[in-house]
Amino acid sequence: NYPASPQRDRALTEEELGRLLNRMRNGLDAGAVGLALGVEYTPGATQSEILELFRLGASRSAPVHLHMRGFDPTRDWDDLYEVLAGAMISRAQIHLNHLNSSAGSYTKRYLEILKAARSRGLDLTTECYPYEAGMTFIESAVFDGHAKWSDDEFTRLEWPLTGERLTRGSFLRYRQAGGPVILHQPDPTAHEAQLEACIADPQAMIASDSSWDEGRTQPR
């Protein structure tokens, strides 16, 4: 999912989607407790593909854990609308991963929408992690829009092996090499307010979403 590839950045063919669904079925048959989709990391995934995976989860009473698409204000809230429509059509059990990370400054509003959807019978849950920084892979689709960034935006990123804050030049160098990068919040005070709201909301569980890589770990 992380490096750029034709499979990551385009829709699947009908044959490829069939193979993907079969692999998911085989995993459930082998004892998997649910499905996990990292849609932000596969920007070529279509809504119809995601709906088919929701339907598979619903057919097996298996929850679908979903990392939503990255929020883009030019597209309004279609990352969440995609989930709501899919949940309504498929009746799948859907869990939204780390809402405060995905929704950012709109976390409170997303929680209000989820509450309204739950009151109408949709089986939606979420969680948040109580940390001010995140981590993901620098070569992932999360950073595909870096060409439009200002120089200051690159300083939000920290290379964990050296502790340095990145510049445009070091970002491009490390992105070519690949590896985990720490992502700091642009406005820690505003993020703290959203985080407190998410933790206090009875809909949200507490998550870690952390990883360990040969002694190199992320802030969480």
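Owing to the predicted nature of the structure, the values given are computational and were not obtained by experimental measurement. For reference, positions follow the sequence shown, starting with 1. Basis for what follows: all heavy atoms, side chains included, without hydrogens, waters or symmetry-related copies.
- Under the 3.5 Å distance criterion, the side-chain polar atoms of H65 are left unmatched by any main-chain donor or acceptor of G38.
- At least one donor-acceptor pair closer than 3.5 Å links the side chain of N100 to the backbone N or O of Y129.
- Looking at T155 and L166, their side chains never come closer than 4.5 Å, going by heavy atoms from C-beta outward.
- Judged purely by atom type and a 3.5 angstrom limit, D187 uses its side chain to pair as donor or acceptor with the backbone of A190.
- Note on L37 and I94: same hydrophobic cluster, where clusters join Ile, Leu, Val, Met, Phe, Trp and Tyr whose side-chain heavy atoms are under 4.5 Å apart, directly or indirectly.
- Shown here for N97 and S102, the closest heavy-atom pair between the two residues is O-OG, 3.8 Å.
- With hydrogens and angles ignored, the 3.5 Å screen pairs no side-chain donor or acceptor of Q176 with any backbone N or O of R173.
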Tell me, with the steps shown, if F171 and H146 meet side chain to side chain contact (heavy atoms under 4.5 Å, CB included). CA-CA 9 Å; F171 171 85; H146 65 83; 3.4 Å; yes
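- Side-chain polar atoms of Y110 and D79 form a donor-acceptor pair below 3.5 angstrom.
- Annotation: side chain of Y41 is in contact with side chain of T136 (closest heavy-atom distance under 4.5 Å).
- Defined by atom type and a distance below 3.5 Å, a donor-acceptor pair is missing between the side-chain atoms of E132 and H191.
- Between the side chain of R165 and the backbone N or O of L157, no donor-acceptor pair lies under 3.5 Å.
- In terms of heavy-atom proximity, M24 sits nearest to L53 at CG-CD2, 4.0 Å.
- Taking the six-membered ring where tryptophan is involved, the planes of W149 and F143 are perpendicular, since the angle between them exceeds 60° and thus also 30°.
- Between R19 and E15, at least one side-chain N (NZ, or NE/NH1/NH2) sits under 4.0 Å from a carboxylate O, which counts as a salt bridge.
- Expressed to the nearest 0.5 Å, how far CG of L111 lies from CG of D201 amounts to 4.5 Å.
- With values rounded to the nearest 0.5 angstrom, D144 atom CG is found 11.0 Å from E139 atom CD.
- Of the possible polar contacts, one joining the T126 side chain to the L96 backbone as a donor-acceptor pair under 3.5 Å is found.
- Hydrophobic clustering (side-chain heavy atoms under 4.5 Å, transitive across Ile, Leu, Val, Met, Phe, Trp, Tyr) groups L21 together with L35.
- To the nearest 0.5 Å, the span separating CG on L183 from CE on M135 amounts to 10.0 Å.
- Between the E127 side chain and the H98 main chain, a donor and an acceptor come within less than 3.5 Å of each other.
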Check step by step if salt bridge (charged side-chain N to carboxylate O under 4.0 Å, His left out) holds for R168 and E153. CA-CA 9 Å; R168 188 180 301 272; E153 288 183 86; over 6 Å; no
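- Under a 3.5 Å cut-off, the side chain of T42 and the backbone N or O of A45 do not form any donor-acceptor pair.
- Remark: side-chain polar atoms of S59 are paired, donor with acceptor, to backbone N or O of L56 under 3.5 angstrom.
- Atom OG of S101 is separated from atom CD of E40 by 7.5 Å, given to the nearest 0.5 angstrom.
- Formation of a donor-acceptor pair under 3.5 Å by the T162 side chain with backbone atoms of E164 is found in this model.
- Residues L51 and S90 come closest through the heavy atom pair CD1-CB, 4.2 Å.
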Between R25 and N22, does a side-chain hydrogen bond (donor to acceptor under 3.5 Å, both in side chains) hold up when you go through it step by step? CA-CA 5 Å; R25 291 188 191 97; N22 282 333; 2.8 Å; yes
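- Here the OG1 atom belonging to T125 is positioned 5.0 Å from the CE atom belonging to M205, to the nearest 0.5 angstrom.
- In this structure, the side chains of I50 and R69 come closer than 4.5 Å at one or more pairs of heavy atoms.
- Between A116 and R120, the closest heavy-atom pair is O-NH1, 3.0 Å.
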With side chain to side chain contact (heavy atoms under 4.5 Å, CB included) as the test, would you mind laying out the steps for R91 and D123 before giving the verdict? CA-CA 7 Å; R91 309 306 295 180; D123 193 349; over 6 Å; no
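- V142 places none of its side-chain heavy atoms less than 4.5 Å from the side chain of F137.
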Given side chain to side chain contact (heavy atoms under 4.5 Å, CB included), test V64 with Q93 step by step and report yes or no. CA-CA 6 Å; V64 180; Q93 308 167 51; over 6 Å; no
Mind running side chain to side chain contact (heavy atoms under 4.5 Å, CB included) on L66 and V39 for me, showing each step along the way? CA-CA 7 Å; L66 182 76; V39 185; 3.3 Å; yes
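- With respect to E52 and R55, a salt bridge is recorded, a charged nitrogen being found less than 4.0 Å from a carboxylate O.
- For P130 against I206, the heavy-atom pair with the smallest separation is CD-CG2, 3.9 Å.
- Here the CD atom belonging to E112 is positioned 10.0 Å from the CG atom belonging to L114, to the nearest 0.5 angstrom.
- Considering all non-hydrogen atoms of both residues, A133 and I182 come closest at CB-CG2, 4.1 Å.
- At a threshold of 4.5 Å between non-hydrogen side-chain atoms, the residues L84 and I113 count as touching.
- Taking 4.0 Å as the cut-off between side-chain N and carboxylate O, K108 and E196 do not count as a salt-bridged pair.
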